[in-house]
Protein chains: 2
Amino acid sequence: MPDSPTGRRQPSGSASDSLRPRRDARSMPSLEEVAHRAGVSRSAASRALNNAPHVSPLKREAILKAAEELGYVPNATARALATNKVGSVVLVVPNEEPGFFADPFFSQIVVGIATALEKSDLVLTLMLASSGEGSDRLKRLLRSRSADGVMVLATRKDDPLNDIIESTDLPVVFCGRTLGREPRWYVDADNRGGARLAAEHLLGAGRRRIASIVGPMDSQASVARYQGFVDAVAAVGLPTDWIEEADFTYDDGARAMTTLLDRHPDLDAVFVGSDNMAAAALRVLKARERSVPDDVMVVGFDDLAVAQQAEPSLTTVSQPIRSLGHEMALMLMRVIDGESPSPIILPTHLVVRESAPSAERG
Amino acid sequence: MPDSPTGRRQPSGSASDSLRPRRDARSMPSLEEVAHRAGVSRSAASRALNNAPHVSPLKREAILKAAEELGYVPNATARALATNKVGSVVLVVPNEEPGFFADPFFSQIVVGIATALEKSDLVLTLMLASSGEGSDRLKRLLRSRSADGVMVLATRKDDPLNDIIESTDLPVVFCGRTLGREPRWYVDADNRGGARLAAEHLLGAGRRRIASIVGPMDSQASVARYQGFVDAVAAVGLPTDWIEEADFTYDDGARAMTTLLDRHPDLDAVFVGSDNMAAAALRVLKARERSVPDDVMVVGFDDLAVAQQAEPSLTTVSQPIRSLGHEMALMLMRVIDGESPSPIILPTHLVVRESAPSAERG
DNA sequence: ATGAAAGCGCTAACAC
DNA sequence: GTGTTAGCGCTTTCAT
């Protein structure tokens, strides 16, 4: 057998080899080839291509030129092995979350992360951690050193993911928090403050019989939003127990609104823990022939597209989802670089629309 | 300096080293250690752990046990370098798409892919290919051999991405197609057939003045949907040019509906190229005091959550977004394995709801 | 400033 | 069936 170009022993070619779209080293120049073409050693080439010192300007020039001409791109795997840096970070998404981390949330976070990563040369790998089998994969992924760091979207209190994540020695940054845990690094939205603004807005509009549809109480964000609600409502001595829990989905939001209406027919405002559920609430209120905002004011949370498109449009607490992703990625990069950044709480603010205008109408 | 445990020359420790959360080989057992503990050679250990032949049951047992006890997980990077298989596939998402590949679409595709990948040990890496700088990254990513294959969400006709993708020698599978290109491997929904069903439904309900809001005509899916519309409408000799193009966003959908209404005040049905735009159309029709479905029937496309939640709920063409992702990933895995699967067109079907019921009312 | 050479942790060809 | 060994393509130390 003739020597292979790379000098490696070749497997005896099987019949099937020719069938495969073999994308071999053929067209992938190696450092060695660049060095050879530039007439220098591999180490020199390596140094030049990494902007390292100890290369004469002349050679550096030649090497860069050679690399350019050959279309050289370093083999990421080999580099990773040599440097013990993988060049990728993983985003862990607790799967099967009914609605909280549903569509718009997820995509926006990803976009935020991607824009942050764009400047680095880190690549984003995604891990949808469904329960059961999925967590085994995650465990292996983390132990197999195939990422330099981990980002995690907020988990529920008893998610088995929590322990898996906690047991890795990779840097981990959270988006949101988990009840009963205080991660070292996280970014979060000011859920409590935002919810307080919402409730104060309702109070400011003169409403005094305020109910709330809260998200699942094993979610830290839901609890924080409820606390914000309590902050405002308790401060003026009103009851804080006109509440109903729902699982962040549209359907369960509708159910909760119905329940509240049955229990407190005289309610004149409702603060809802997510826009999706708020949209459902609007629907129920309409069916029950309560006019919004005249009879009942509604404030949501998130400021998704649905808030603008709802009828009437939804007053809601806006949280900067993309920024959350962006900041999370930036923070992770800093941690990977050995820094120890402080947690970040991003501000939320009220967006006033038709479902709860600023001044009482009529 | 004392020998390092791994025998590698150590860099002289700098001051900053101690600051960093060094996650060193310390707790990461290597194959060598497993082999040693089991009292066999590295190759034996490797064979056993990969279920390869030529290992006596006894040793195999011992090796597996040792690995278990040490919590051994192979170093993915090293394995990748040795096998020339990376163990990951990349999903390329054309970024800045106004609405077509917006929120729900993107997440659902990803979920479909993730479930398909779960059984393999491939990992998903994400590449949001914004224009400009982003495409450079993509080029490098593809050339640096950091993935075993590529999945691409349908691009627009003149997207610079097209050329980049075409120039890679990695296996590529598309979701959807691109105008003027016929990829070797792709999955797609039966857009044309679904649109035809929609139009036929309208005709079957007795409507004869049918308009259509079509998506951007540089998107293959939009064109296919328009063709399906034409298939049905032209067959009965009705005009097929009551159409207005919109960019898949809610706002532009609203604008298009307004335009159509101005141009053809007597229209009695409209087929809309996406649910988002259809929701906007409903809104406009309501504002214009056209009753849906009595005055104007509306059929959408996609069957997103918004279709059920709209008021009236939206008759729409359902396309299996998750399956699209799932099949795309399965197909890619087959291509990576050297097979050459045929393209797949997944069926679409009509979901009849209030905005265009089956029988004329009244 | 430069190049030779020793690895990174794993797989696979080869000889026994 | 088993161990030895030569790489995968890159980085980095060390000697020059």
Side-chain angles (χ1 to χ4, degrees), chain A residues 1 3-14 24-25 28-36 38-60 62-63 67 72-87 143-146, chain B residues 1 3-14 24-25 28-36 38-60 62-63 67 72-87 143-146:
Chain A
M1 182 185 294
D3 276 13
S4 78
T6 62
R8 182 178 205 182
R9 303 181 204 141
Q10 293 299 300
S12 45
S14 78
D24 267 333
M28 296 300 301
S30 67
L31 221 207
E32 167 118 44
E33 295 173 57
V34 173
H36 181 258
V40 302
S41 68
R42 282 212 304 282
S43 28
S46 175
R47 286 195 275 260
L49 294 168
N50 290 305
N51 299 318
H54 303 301
V55 195
S56 75
L58 215 73
K59 297 210 161 187
R60 166 162 280 147
I63 293 164
Y72 170 75
V73 173
N75 179 314
T77 306
R79 188 200 291 253
L81 185 58
T83 58
N84 195 28
K85 284 169 181 315
V86 183
R143 298 219 50 177
S144 70
R145 309 237 85 74
S146 32
Chain B
M1 181 186 293
D3 277 12
S4 79
T6 63
R8 182 178 203 180
R9 303 180 203 141
Q10 293 297 302
S12 45
S14 81
D24 265 334
M28 295 301 300
S30 66
L31 221 206
E32 167 118 45
E33 294 173 59
V34 174
H36 181 257
V40 301
S41 68
R42 283 214 303 283
S43 34
S46 174
R47 286 194 276 259
L49 293 168
N50 291 302
N51 301 316
H54 305 300
V55 195
S56 75
L58 215 73
K59 297 212 161 185
R60 166 162 278 144
I63 293 164
Y72 170 75
V73 173
N75 179 313
T77 305
R79 188 200 291 253
L81 185 58
T83 58
N84 193 28
K85 285 171 178 315
V86 183
R143 297 219 50 175
S144 70
R145 308 238 85 75
S146 32

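In this text, all values refer to a predicted model and were calculated from it rather than measured experimentally. Computation of the quantities below employed the complete heavy-atom set of this structure, encompassing side-chain atoms and omitting hydrogens, waters and symmetry-equivalent molecules.
- Checking D:dT2, D:dT12, D:dG9 against every side-chain atom of B:R47, the shortest atom distance belongs to D:dT2.
- When all heavy atoms are compared, the tightest approach of B:R60 to B:N51 is NH2-C, 3.8 Å.
- Taking side-chain N and O atoms only, A:Y72 has a distance below 4.0 Å to OP1 or OP2 of D:dC10.
- In this structure, B:N75 atom CG and C:dG9 atom P are separated by 7 Å, rounded to whole Å.
- Nucleotide C:dC10 holds its P atom 9 Å from the CG atom of B:L49, rounded to whole Å.
- Considering only side-chain atoms of B:A78, the nucleotide from C:dG9, D:dT11, C:dG3 that sits closest is C:dG9.
- Distance from the side chain of A:S30 is smallest to D:dC10 among C:dA1, C:dT11, D:dC10.
- A:E32 places its CD atom 13 Å from the C1' atom of C:dA5, with the value rounded to the nearest Å.
- Comparing C:dT2, D:dG3, D:dC10 by their closest approach to the side chain of A:A82 singles out D:dC10.
- Between A:S46 and D:dT11, a side-chain N or O to OP1/OP2 separation shorter than 4.0 Å is present.
- In this structure, B:S56 reaches the D:dT2 phosphate: one of its side-chain N or O atoms is under 4.0 Å from OP1 or OP2.
- Contact between the side-chain N/O atoms of B:K85 and the OP1/OP2 oxygens of C:dA12 is not found at any separation under 4.0 Å.
- With hydrogens and angles ignored, a donor-acceptor pair closer than 3.5 Å exists between the side chain of A:S43 and the base of C:dA4.
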- A:S46/A:L31 under side-chain contact (heavy atoms from CB on, under 4.5 Å): CA gap, chis, key distance, verdict: CA-CA 7 Å; A:S46 175; A:L31 221 207; 3.8 Å; yes
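- Taking every heavy atom of both residues into account, B:A44 and B:I63 meet most closely at O-CD1, 3.6 Å.
- In this structure, B:N50 places its CG atom 16 Å from C1' of C:dA13, rounding to the nearest Å.
- For B:E33 and C:dC10, the CD to C1' distance is 14 Å, given to the nearest whole Å.
- Atom CZ of A:R79 and atom C1' of D:dC8 are 16 Å apart (whole Å).
- The distance between atom CG of A:L31 and atom P of D:dC10, rounded to the nearest whole Å, is 5 Å.
- Considering only side-chain atoms of A:K59, the nucleotide from C:dG3, D:dC8, C:dC10 that sits closest is C:dG3.
- Atom CG in A:L58 sits roughly 13 Å away from atom P in C:dA1 (whole-Å rounding).
- The nearest pair of heavy atoms linking B:S146 to A:A76 is CB-CB, 3.9 Å.
- Out of C:dG3, C:dA6, C:dC10, the shortest distance to the side chain of A:R42 is found at C:dA6.
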- Task: Report the C-alpha separation of A:R79 and A:N50 in whole Å, then their side-chain angles, then the decisive distance to 0.1 Å, and conclude whether the side-chain hydrogen bond (donor to acceptor under 3.5 Å, both in side chains) test is met.
- Result: CA-CA 11 Å; A:R79 188 200 291 253; A:N50 290 305; 3.2 Å; yes
